[in-house]
J.: 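To start, I am sharing the structure in question, which I have written as structure tokens.
Lettering of chains follows the sequences in order, A, B, ..., and the numbering in each one begins at 1. Keep in mind that the numbers below use all heavy atoms, side chains included, and drop hydrogens, waters and symmetry copies.
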Amino acid sequence: MPELPEVETVRRGLEPALAGRVLVRAEARRPDLRFPLPENFSARLQGRRVEALRRRAKYLLLDLDDGHTLICHLGMSGSFRVEDDLPGRFHHARTRLQAHDHVVFETDRGVRITYNDPRRFGFMLLVPQTELEEHKLLRGIGIEPLGNEMNGPFLVSAFAGRATSLKAALLDQGVIAGLGNIYACEALFRAGLSPRRSARTLGSARAGRLAAAIADVLREAVEAGGSSLRDHARTDGELGYFQHSFRVYDRAGQPCLREGCGGTVRRIVQNGRSSFFCPACQR
DNA sequence: ACCAGCTCCTGCTTGC
DNA sequence: TGCAAGCAGGAGCTGG
């Protein structure tokens, strides 16, 4: 499911419920997600204060007061929901636990935070903060696309000599952190570039357009609370609404939305993933 | 080293 | 209506 805007939406939803709070309970309701959950999960988390919630790429990072960080990845279908039963409650009321509710936290303010993940491609790992930067999942991660480093010259040099397609290069988390299938398609459409173009053919003008398109689409999506398809929900159960702003994603066979283009959106498969684009105006 | 394909898993949609 | 195939927002691993 989640790409950068969805993970950032989750981070913002969890922050008021978790930042500064003590976990009075942490329950792993099965031993594993994609990877085994940390050993002694409950004992290692219970009593810990969450000092900060950060996001790096598509990873959610919970910094704990014992010097460890809980790394969470939502995979394709992971979501969190925040609920309480307090008088004048701020969050949705607690529901009965549901299928695929794999991890449950409870804070010292009586708030319950539940991780649900039908496909179990997500994972949680506990890593000492001193080893976080060097952790094998994080050390090779590329630039944050909403930061200052995202610009034309960066893309030109990052893609120089790469034999792969522009689309595959955009999905490479070692280059740009947090871009996924939807926003890669949307950024290429906005920049007027074909997903099939060889990455190394990106000249400086095209690279500049692409860098701006990536930053624009991600920024707009974060503002919209991400995109909600099928099972993605925000932590408060509401839906993001950026899916209404898709210009090519999932629009195969429909007319290109670029003014005066008149083309038809196509779906092709690249590296096993759908790419949507308009062959008439994306070159 | 880069690159593409396979794989993990469940659930929803599509087509016969 | 039933059933099987195809598809889904990710990314680590394997082998070429």
J.: Are any of the side-chain nitrogens in A/Glu106 or A/Arg25 under 4.0 Å away from the carboxylate oxygens of its partner?
T.: yes

J.: I'd like to know if A/Arg219 pairs up with A/Glu223 as an ion pair, taking the criterion as any Lys NZ or Arg NE/NH1/NH2 lying under 4.0 Å from an Asp or Glu carboxylate oxygen.
T.: no

J.: Rounded to whole Å, how long is the line connecting atom CZ of A/Arg139 with atom P of C/dA11?
T.: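 Interatomic distance, CZ of A/Arg139 to P of C/dA11: 17 Å.
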
J.: Closer than 4.0 Å, any side-chain N/O of A/Thr164 to the OP1 or OP2 of B/dA4?
T.: yes

J.: Could you check how far CZ of A/Arg162 sits from P of B/dC3, rounded to whole Å?
T.: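 After rounding, the gap between these two atoms is 4 Å.
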
J.: Rounded to whole angstrom units, what separation is found between the CG atom of A/Leu74 and the P atom of C/dA11?
T.: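 Result: 10 Å.
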
J.: What does A/Tyr183 touch in the nucleic acid at a heavy-atom separation under 4.0 angstrom: a base, only the sugar-phosphate, or nothing?
T.: nothing

J.: Mind checking who B/dT10 pairs with, Watson-Crick or G-U wobble, both distances under 3.5 Å?
T.: C/dA8

J.: Does the structure place the NZ or CZ of A/Arg258 under 6.0 Å from the centre of the six-membered ring of A/Phe189, at an angle of no more than 45° from the ring's axis?
T.: yes

J.: Does the side-chain contact (heavy atoms from CB on, under 4.5 Å) test come out yes or no for A/Leu74 and A/Tyr115, once each step is laid out?
T.: CA-CA 9 Å; A/Leu74 305 177; A/Tyr115 178 71; 3.5 Å; yes

J.: Please determine if A/Arg30 and A/Asp32 form a salt bridge, counting it only when a charged side-chain N lies under 4.0 Å from a carboxylate O.
T.: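 Yes, charged N to carboxylate O under 4.0 Å.
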
J.: Which residue pairs satisfy the salt bridge (Lys or Arg N to Asp or Glu O under 4.0 Å) criterion with at least one member in residues 173-187 of chain A, sequence neighbours excluded?
T.: none

J.: Return the polar atom pairs (N/O with N/O) between nucleotides 14-16 of chain B and the protein under 3.5 Å, or none.
T.:
none

J.: Write down the distance separating the P atoms in C/dC3 and B/dC9, rounded off to the nearest Å.
T.: 24 Å

J.: Please enumerate all protein N or O atoms sitting under 3.5 Å from an N or O of nucleotides 12-14 of chain C, with distances to 0.1 Å.
T.:
from, atom 1, to, atom 2, distance (Å)
C/dG12, OP1, A/Tyr59, OH, 3.3
C/dG12, O4', A/Arg34, NH2, 3.0

J.: Provide the full list of salt bridge (Lys or Arg N to Asp or Glu O under 4.0 Å) pairs with a residue in residues 190-215 of chain A, sequence neighbours left out, each pair given once.
T.: A/Arg190-A/Glu220

J.: Between B/dA4, C/dC7, C/dA11, which one does the side chain of A/Arg267 approach most closely?
T.: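 In terms of side-chain proximity for A/Arg267, the closest of B/dA4, C/dC7, C/dA11 is C/dC7.
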
J.: Quick check on C/dG10: is either OP1 or OP2 less than 4.0 Å from any side-chain nitrogen or oxygen of A/His73?
T.: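 Checking C/dG10 against A/His73, no side-chain N or O comes under 4.0 Å of OP1 or OP2.
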
J.: Mind checking if A/Gly272 touches a base, just sugar-phosphate, or nothing, with heavy atoms under 4.0 Å?
T.: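 A/Gly272: no heavy atom of the nucleic acid under 4.0 Å.
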
J.: Please report the distance, rounded to the nearest Å, between NZ in A/Lys167 and C1' in C/dG10.
T.: 12 Å

J.: Send over the distance from A/Arg55 CZ to C/dG10 P, rounded to a whole Å.
T.: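 It is 14 Å, rounded to the nearest whole Å.
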
J.: For the pair A/Arg29 (side chain) and A/Asp101 (backbone), establish whether a donor and an acceptor sit closer than 3.5 Å, ignoring hydrogens and angles.
T.: yes

J.: May I ask you to decide if A/Arg247's main-chain N or O and A/Arg251's side chain share a donor-acceptor pair within less than 3.5 Å?
T.: yes

J.: For nucleotides 9-11 of chain B, tabulate all protein N/O to nucleotide N/O atom pairs closer than 3.5 Å, reporting atom names and distance.
T.:
from, atom 1, to, atom 2, distance (Å)
B/dC9, O4', A/Arg119, O, 3.4
B/dC9, O2, A/Arg119, NE, 2.9
B/dT10, O4', A/Pro118, O, 3.4
B/dT10, O3', A/His100, NE2, 3.1
B/dG11, OP1, A/His100, NE2, 2.6

J.: Look at the side-chain N and O atoms of A/Ser274 and state whether any lies under 4.0 Å from the OP1 or OP2 oxygen of C/dA8.
T.: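 Affirmative; the distance criterion is met.
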
J.: Under a 4.0 Å threshold between the charged nitrogen and the carboxylate oxygen, would A/Asp172 count as salt-bridged to A/Arg162?
T.: yes

J.: What salt bridge (Lys or Arg N to Asp or Glu O under 4.0 Å) pairs are there with at least one residue in residues 121-149 of chain A, not counting sequence neighbours?
T.: A/Arg55-A/Glu144, A/Arg56-A/Glu144

J.: Give the rounded distance in Å between these two atoms: CD of A/Gln173 and C1' of B/dC2.
T.: 17 Å

J.: What's the CG-P distance between A/Leu33 and B/dT7, to the nearest Å?
T.: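 That distance rounds to 22 Å.
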
J.: Rounded to whole angstroms, how far apart are CD on A/Glu3 and P on C/dA8?
T.: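 Roughly 13 Å, once rounded to whole Å.
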
J.: Which heavy atom in A/Gly263 sits nearest to a heavy atom in A/Cys278, and how many Å separate them?
T.: CA-SG, 4.0 Å

